[in-house]
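Notes to accompany the following structure.
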Amino acid sequence: MDMKEKMKRWRLVLGNASESQFQTGLDGGSLLSAEEVLMDEALAALYDQGKGAGLGQSGGYHLSKWLGDVRTFFPDDVVSVIQADAIERKGLSQLLFEPETLRNVKPSIEMVATLMTLKGKIPERTKDTARELVRAVVEEIKLLLENDVQRAVKGAINRQKRSTVPSGANYIDWKYTIQRNLKHYDLDRKIIIPERFYFFNHKRKSSQWNIILDIDQSGSMADSVIYASIIGSIFASIPALKTHVVAFDTEILDLSERCKEDPVDMLFGIQLGGGTDINKSLAYCEQFISDPGKTIFILISDLYEGGNQAGMLRRMKEMRESGVKVIALLALSDKGVPSYDESNARRLAAMGIPCFGCTPELLPELLEDALMGKDLSGWTGKNKQV
């Protein structure tokens, strides 16, 4: 990067107030090109002390045009940050209630969280547009995770044992068969001639595993709630799993039926914010445990208990001792582990219940390890674990 390019970047960072400083040695002309001037104006509308006050207000930078300019001049990851800053710094959430404005917003986790928080205030004329934005994010996340989740679940359940007893072409374990027959490779014909085929064992029932997602819907868990709800809908689409999705604050919201239908409806059924009663949610979820040895219970929470702390710890311990595979995810997000109750996390860890933050991309691997009965303490190196 040459010196002029570096100066341009610093000029954009420092804003219009530094313009005179960057004109020195440039014959009094502007350092920025015409397109970069528009980029500078878009940033100034939000970040400059003077101009920012006019963003979205009468006589100021029209919000729809501003959103359009931001999406034109900046990459997607930067657009998401700028949009979130607009809501936090300028209180522009009310302006997202206009359909023409929402159409210019880049779909993102942050925007979905904002709409979920404000859902009771969204006017009728904007609801369809809001759903379109939420659906765009849902589909993006499903596209990212669905195949990996399905592959992990089916791999763990169907491939635990192999058999040489013929079970039909659909059940051939091709990878293992090829590995065992490499010595039978025909150099002239350039093919492997298998001496023996290996098959997956399908004797066990396909619906043997029970998955319970217990989701803390307090405001600090917004990203985790969104990811967990969508992943819950993916679980529900897999016949080999019986899935229960529960969201809680001080009240319980059972989303198990909604997760089988439209995940967008499920997200709009969640109310972010409020208190936290983990013990109450655990008591509710206990009814879903009929075969502890075939149950995975995933609590997604920062563990700040506003209810009965002793009761919460006792229920978690009893659940694990009964044979349930219990996991406490402090976060299910790309943003790292948030603030959490370290005392409760240490107590759960002492019980043998792993507590860590997990990115959505790693969840399929975590689920596969749990289904295979592997020791989850090995996840310390992949995640921030207690």
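Predicted, not measured: the structure shown is a model, and the values here were computed from it. Along the sequence shown, the residues carry numbers beginning at 1.
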Is a side-chain donor or acceptor of [X] paired with a backbone partner of [Y] at a separation under 3.5 angstrom?
X	Y	answer
Arg258	Pro263	no
Glu139	Ala136	no
Thr276	Gly306	no
Ser224	Leu332	yes
Arg135	Val264	no
Tyr304	Tyr340	yes
Asn181	Arg196	yes

Show the nearest heavy-atom pair for residues [X] and [Y], with the distance to one decimal.
X	Y	value
Ser237	Glu146	OG-OE2, 4.2 Å
Asp254	Ser256	OD1-OG, 2.7 Å
Pro360	Leu145	O-CD2, 3.4 Å
Ile192	Leu182	CD1-CD2, 3.8 Å
Thr243	Gly232	CG2-O, 3.9 Å
Asp277	Phe248	O-CD1, 3.8 Å

Point-to-point distance, once rounded to the nearest 0.5 Å, from [atom1] of [X] to [atom2] of [Y]:
X	Y	atom1	atom2	result
Lys317	Met351	NZ	CE	6.5 Å
Met221	Ile300	CE	CD1	7.0 Å
Ile353	Ile327	CD1	CD1	10.5 Å
Phe235	Ile238	CZ	CD1	7.0 Å
Phe356	Leu330	CZ	CG	8.5 Å
Ile109	Ile226	CD1	CD1	4.5 Å

NZ of Lys142: more than 12 outside heavy atoms within 6.0 angstrom?
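Yes, enclosed.
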Quick check: do [X] and [Y] have side-chain heavy atoms less than 4.5 Å from each other?
X	Y	answer
Leu133	Val112	yes
Met319	Phe297	yes
Leu367	Ile296	yes
Glu368	Val153	no
Gln309	Asn344	yes
Leu299	Leu303	yes
Lys294	Lys242	no
Ile270	Leu255	yes

Scan side-chain atoms only and decide if Asp214 and Ser281 contain a donor-acceptor pair under the 3.5 Å cut-off.
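Yes, Ser281 and Asp214 have a side-chain donor paired with an acceptor closer than 3.5 Å.
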Please tell me whether Glu305 and Asn279 have a donor and an acceptor in their side chains that are separated by less than 3.5 angstrom.
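On atom types as modelled, these side chains do not qualify, holding no pair under 3.5 Å.
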Apply salt bridge (Lys or Arg N to Asp or Glu O under 4.0 Å) to Arg315 and Glu318, showing your working.
CA-CA 5 Å; Arg315 289 183 190 278; Glu318 290 175 351; 5.9 Å; no
Salt bridge or not for Arg131 and Asp262, using N-O below 4.0 Å?
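Salt bridge between Arg131 and Asp262, a charged N being under 4.0 Å from a carboxylate O: yes.
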Salt-bridge criterion met for Lys280 and Glu251 (N-O under 4.0 Å):
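Salt bridge between Lys280 and Glu251, a charged N being under 4.0 Å from a carboxylate O: yes.
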Let's go through Leu282 and Met312 carefully: what are the C-alpha distance in whole Å and the side-chain angles of both, what is the deciding distance for side-chain contact (heavy atoms from CB on, under 4.5 Å) to 0.1 Å, and is it a yes or a no?
CA-CA 7 Å; Leu282 295 176; Met312 181 269 286; 3.8 Å; yes
Chi angles and distances behind the side-chain contact (heavy atoms from CB on, under 4.5 Å) call for Ile215, Val245
CA-CA 8 Å; Ile215 309 169; Val245 179; 3.8 Å; yes
Give the cluster check for Tyr185 versus Trp174: same hydrophobic cluster or not, with ILVMFWY residues linked at side-chain heavy-atom distances below 4.5 Å.
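Tyr185 and Trp174: separate clusters.
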Chi angles and distances behind the side-chain contact (heavy atoms from CB on, under 4.5 Å) call for Asp216, Asp302:
CA-CA 8 Å; Asp216 180 347; Asp302 53 19; 3.5 Å; yes
Let's go through Leu267 and Val138 carefully: what are the C-alpha distance in whole Å and the side-chain angles of both, what is the deciding distance for side-chain contact (heavy atoms from CB on, under 4.5 Å) to 0.1 Å, and is it a yes or a no?
CA-CA 9 Å; Leu267 284 172; Val138 168; 3.6 Å; yes
